[in-house]
Asks: 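Sharing a structure, written as C-alpha cells. Questions coming.
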Amino acid sequence: MRILGIETSCDETAAAIYDGERGLLAHSLYSQVKVHAEYGGVVPELASRDHIRKLLPLIRRALEQADSTPADIDGIAYTAGPGLAGALLVGACLARALAFAWQKPALGVHHMEGHLLAPMLESPAPAFPFVALLVSGGHSLLVEVAGLGRYNILGESIDDAVGEAFDKTAKLLGLPYPGGPALAALAEHGDPARFKLPRPMTDRPGFDFSFSGLKTAVLVERRKLEPLDEQSAADLARGFEEAAVDTLTIKCERALDATGLDQLVVAGGVGANRRLRARLNEMMAARGGQVFFPRMEFCTDNGAMIAYAGWARMSAGERGAGDGRITTRWPLSELEPPA
C-alpha cells in the first residue's frame with residue numbers, strides 16, 4: 001500500500017509518500033520561518049495563504065521523487081488536527097479534491113499521532129509497547145503506548161508546553177525567531193553552574209509538567225542582569241536548558257518505572273534538542289533500555305510522519321469519510337485503534 005501524506009497544521013507545508021514494502025519513497029517540505037520571522041511568531045492568515053501557494057507543487061515534487069503517478073497511490077492521509085483552522089483546511093480540502101479526482105480513499109490523521117509514530121520510519125524502529133515523550137511548541141505529553149490508537153495519557157503540561165517555554169525564554173533573552181533552536185545554540189557557550197533554576201513539579205509525585213514557573217524564574221534573573229551581556233545571556237540560556245532537560249528526564253524515568261517498560265520514544269520539535277537526546281540516551285543506557293528518536297528533520301512537522309500514520313491505519317483496514325473535516329483541538333486520548 002502506497003500513501004500520500006499531507007501536512008499543513010501550522011507553519012510547515014509538507015508532502016511525502018510512504019510505501020508499505022519499500023518504506024519512505026519521497027518527502028518534500030517548505031518552512032515558513034522567514035514569512036513569520038519579522039512578526040516574532042506564526043501569523044495564522046499568512047500561514048494559510050502560504051500553504052495554498054506551496055502545497056500542490058510539493059505534492060508534484062513528491063510524486064516525481066517517488067517515480068509515482070496518481071494511479072500508484074492507494075490512499076491520501078492529511079493532518080486533520082490539532083492545529084490552526086485555516087492551515088488545516090488547506091491540506092484537508094486539497095486531500096479531499098485529490099481523493100475525488102483520483103478515486104482514492106482519504107483519511108484524516110491526528111498530528112500528534114504522526115509525531116508519536118515518526119520513529120517508526122527509522123531503523124531500528126521501536127516495537128509496541130513503549131513510553132512516548134511528545135514535546136513540541138504546543139504539547140508536552142507522556143504516553144503509555146500499547147499499540148496503534150491504544151494510548152494512555154500519563155502526564156501532560158498544565159500550562160506552557162516545553163517548546164513554548166523555550167520560545168518565550170529565548171524572547172526574554174532577545175533571541176530571534178524561532179526561539180528554541182536559537183536558545184539551544186546560545187546555551188552551548190553557557191556555564192551550567194551559574195544559575196540554579198527550579199525543576200518544576202519534580203518535588204512531588206506524578207507525571208504532569210509545568211514550565212510557567214521556570215520561565216518566571218528566568219525573567220527574575222534576567223531583570224538582575226541589565227544591561228545583559230553576551231556571556232550572561234549564554235549562562236542563563238544554559239541554566240534554563242539544563243532545568244528543562246532535567247525535568248523531562250526525571251518525568252520519563254518515573255513513567256518507565258510505573259509502567260515497567262524499557263523502551264522510550266521521543267518525538268516533536270524539542271526532541272531535536274541535542275542536550276535532551278544525550279541525557280535520555282545516558283539515562284536509558286544506565287537502565288538497560290533503549291530510546292528511539294526520529295531523525296532531526298522529522299522532529300519538526302513533516303509529511304513523512306503523516307504518510308506513515310495514514311499507512312498504519314489504512315493497512316489495518318481503516319477508511320476515512322474523505323469529507324475534509326478538521327478539528328483544531330483534538331486530545332490524543334480520544335483516538336481509538338483501527339476498527
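Quantities reported herein were computed from a predicted structural model and do not represent experimental measurements.
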Asks: As a quick check of understanding, evaluate side chain to side chain contact (heavy atoms under 4.5 Å, CB included) for Cys252 and Leu264, giving each step before the final call.
Replies: CA-CA 8 Å; Cys252 284; Leu264 176 66; 4.2 Å; yes
Asks: What pairs with Arg61 under salt bridge (Lys or Arg N to Asp or Glu O under 4.0 Å), at least two apart in sequence or on another chain?
Replies: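 If we apply the salt bridge (Lys or Arg N to Asp or Glu O under 4.0 Å) test to Arg61, skipping adjacent residues, there are no hits.
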Asks: Backbone N or O of Pro192 within a donor-acceptor pair of the Arg194 side chain at under 3.5 Å?
Replies: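 Checking the backbone N and O of Pro192 against the side chain of Arg194, no donor-acceptor pair under 3.5 Å is found.
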Asks: Would you call Glu226 and Arg222 a salt bridge, taking side-chain N to carboxylate O under 4.0 Å as the test?
Replies: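 Between Arg222 and Glu226 there is a salt bridge, with a charged N closer than 4.0 Å to a carboxylate O.
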Asks: With a 4.0 Å cut-off on N to O distance, would you call Arg2 and Asp74 a salt bridge?
Replies: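 Between Asp74 and Arg2 there is no salt bridge, as every charged N stays at least 4.0 Å from the carboxylate O atoms.
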Asks: On the ring face of Tyr30, is Lys54 found with NZ or CZ under 6.0 Å from the centre and within 45° of the axis?
Replies: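 Geometry flag: set, cation within 6.0 Å and 45°.
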Asks: Counting only N and O atoms by type, is there a donor-acceptor contact under 3.5 Å from the side chain of Ser140 to the main-chain atoms of Ser136?
Replies: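 Judged by distance alone, no pair lies under 3.5 Å.
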Asks: Taking atom types as modelled, find out whether Ser212 and Asp160 have a side-chain donor-acceptor pair closer than 3.5 angstrom.
Replies: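 Checked: Ser212/Asp160 side chains show no N/O donor-acceptor pair below 3.5 Å.
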Asks: Could you tell me whether Asp257 and Arg287 make a salt bridge, using a distance below 4.0 angstrom between a side-chain N and a carboxylate O?
Replies: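 Yes, this pair counts.
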Asks: Step by step, would you call Arg238 with Glu188 a salt bridge (Lys or Arg N to Asp or Glu O under 4.0 Å)?
Replies: CA-CA 7 Å; Arg238 181 64 180 272; Glu188 290 293 326; over 6 Å; no
Asks: Please say which of Leu173, Leu236, Leu172 ends up in a side chain to side chain contact (heavy atoms under 4.5 Å, CB included) with Leu228.
Replies: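 The option that passes is Leu173.
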Asks: Please report the closest heavy-atom contact between Ala132 and Val145, naming both atoms and the distance.
Replies: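 Shortest heavy-atom contact: CB-CG2, 4.0 Å.
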Asks: For a quick test of reading the model, state the closest non-hydrogen atom pair linking Gly91 to Ile6 and the distance between them.
Replies: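 Residues Gly91 and Ile6, closest heavy atoms: CA-CG2, 4.0 Å.
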Asks: Carefully, step by step, assess Arg274 and Met296 under the rule side chain to side chain contact (heavy atoms under 4.5 Å, CB included).
Replies: CA-CA 10 Å; Arg274 296 183 185 277; Met296 289 292 189; 3.8 Å; yes
Asks: Examine distances only and state if a side-chain atom of Ser28 and a backbone atom of Leu58 form a donor-acceptor pair shorter than 3.5 Å.
Replies: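 Answer holds: yes.
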Asks: Leu248 vs Phe209, test: side chain to side chain contact (heavy atoms under 4.5 Å, CB included). Steps then yes/no.
Replies: CA-CA 8 Å; Leu248 294 173; Phe209 303 98; 3.6 Å; yes
Asks: Indicate whether the side chain of Ser232 and that of Glu230 have a donor and an acceptor atom separated by less than 3.5 Å.
Replies: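 No, Glu230 and Ser232 have no side-chain donor paired with an acceptor closer than 3.5 Å.
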Asks: Give the intermediate values and the outcome of ring-ring contact (aromatic ring centres under 6.0 Å, His included) for residues Phe292 and Phe130.
Replies: CA-CA 10 Å; Phe292 300 86; Phe130 53 77; 7.8 Å; no
Asks: Checking Arg150 against Glu144 for the salt bridge (Lys or Arg N to Asp or Glu O under 4.0 Å) test, could you report, in this order, the C-alpha distance in whole Å, the side-chain angles of both residues, the deciding distance, and whether it holds?
Replies: CA-CA 8 Å; Arg150 298 169 62 195; Glu144 182 182 10; over 6 Å; no
Asks: Testing the basics here: between Arg275 and Val245, what is the closest heavy-atom pair and its distance to 0.1 Å?
Replies: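 Looks like O-CG1, 4.1 Å.
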Asks: Just by modelled atom types, is the Ile306 backbone N or O under 3.5 Å from a matching donor or acceptor in the Tyr308 side chain?
Replies: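 Not at all, since once roles are kept as given, no pair shorter than 3.5 Å links the two residues.
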Asks: Would you compute the distance between atom OG1 of Thr202 and atom CD1 of Ile250 and round it to the nearest 0.5 angstrom?
Replies: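 CD1 of Ile250 is found 4.5 Å from OG1 of Thr202.
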Asks: Among Asp208, Val143, Leu142, whose side chain to side chain contact (heavy atoms under 4.5 Å, CB included) with Glu156 holds?
Replies: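 Looking at Asp208, Val143, Leu142, the match for Glu156 under the side chain to side chain contact (heavy atoms under 4.5 Å, CB included) is Asp208.
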Asks: Tell me if a side-chain donor or acceptor on Asn281 pairs with a main-chain N or O of Arg277 at a distance below 3.5 Å.
Replies: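 Confirmed, Asn281 side chain pairs with Arg277 backbone.
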Asks: Checking Asp262 side chain against Gly260 main chain: does a donor-acceptor pair fall under 3.5 Å?
Replies: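 Side chain of Asp262 to backbone of Gly260, a donor-acceptor pair under 3.5 Å: no, none is there.
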Asks: Hey, is Glu164 close enough to Lys168 for a salt bridge, meaning N to O under 4.0 Å?
Replies: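 Answer for the salt bridge query: yes.
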Asks: Between Asp246 and Thr249 (side chain of the first, backbone of the second, donor and acceptor by atom type, cut-off under 3.5 Å), is there such a pair?
Replies: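 A pair under 3.5 Å: no.
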Asks: Quick test of your reading of the model: are Arg279 and Glu242 salt-bridged, counting only N-O distances below 4.0 Å?
Replies: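 A salt bridge is present here (some side-chain N lies under 4.0 Å from a carboxylate O).
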Asks: Can Arg53 and Asp50 be counted as an ion pair, charged N to O under 4.0 angstrom?
Replies: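 Asp50 and Arg53: salt-bridged.
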Asks: Using modelled atom types and a 3.5 Å cut-off, is there a donor and acceptor pairing between side-chain atoms of His115 and backbone atoms of Ala267?
Replies: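 Answer holds: no.
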Asks: Could you tell me whether a side-chain N or O of Gln231 sits under 3.5 Å from a main-chain N or O of Gly190, the two making a donor and an acceptor?
Replies: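 Not a single qualifying donor-acceptor pair exists.
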Asks: Quick check for you: to the nearest 0.5 Å, what is the distance between Asp235 atom CG and Glu221 atom CD?
Replies: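 Reported value, rounded in 0.5 Å steps: 11.5 Å.
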Asks: Taking the six-membered ring for Trp, are His110 and Trp330 parallel (under 30°), tilted (30 to 60°) or perpendicular (over 60°)?
Replies: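 Rings of His110 and Trp330: tilted, as their planes differ by 30° to 60°.
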Asks: Short question: side chain of Lys171, backbone of Gly40 - any donor-acceptor pair under 3.5 Å?
Replies: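 The answer is no, because no donor-acceptor pair under 3.5 Å joins these two groups.
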Asks: Can a donor-acceptor pair be found between the side chains of Glu113 and Tyr151 at a distance below 3.5 Å?
Replies: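 There is such a pair between these side chains.
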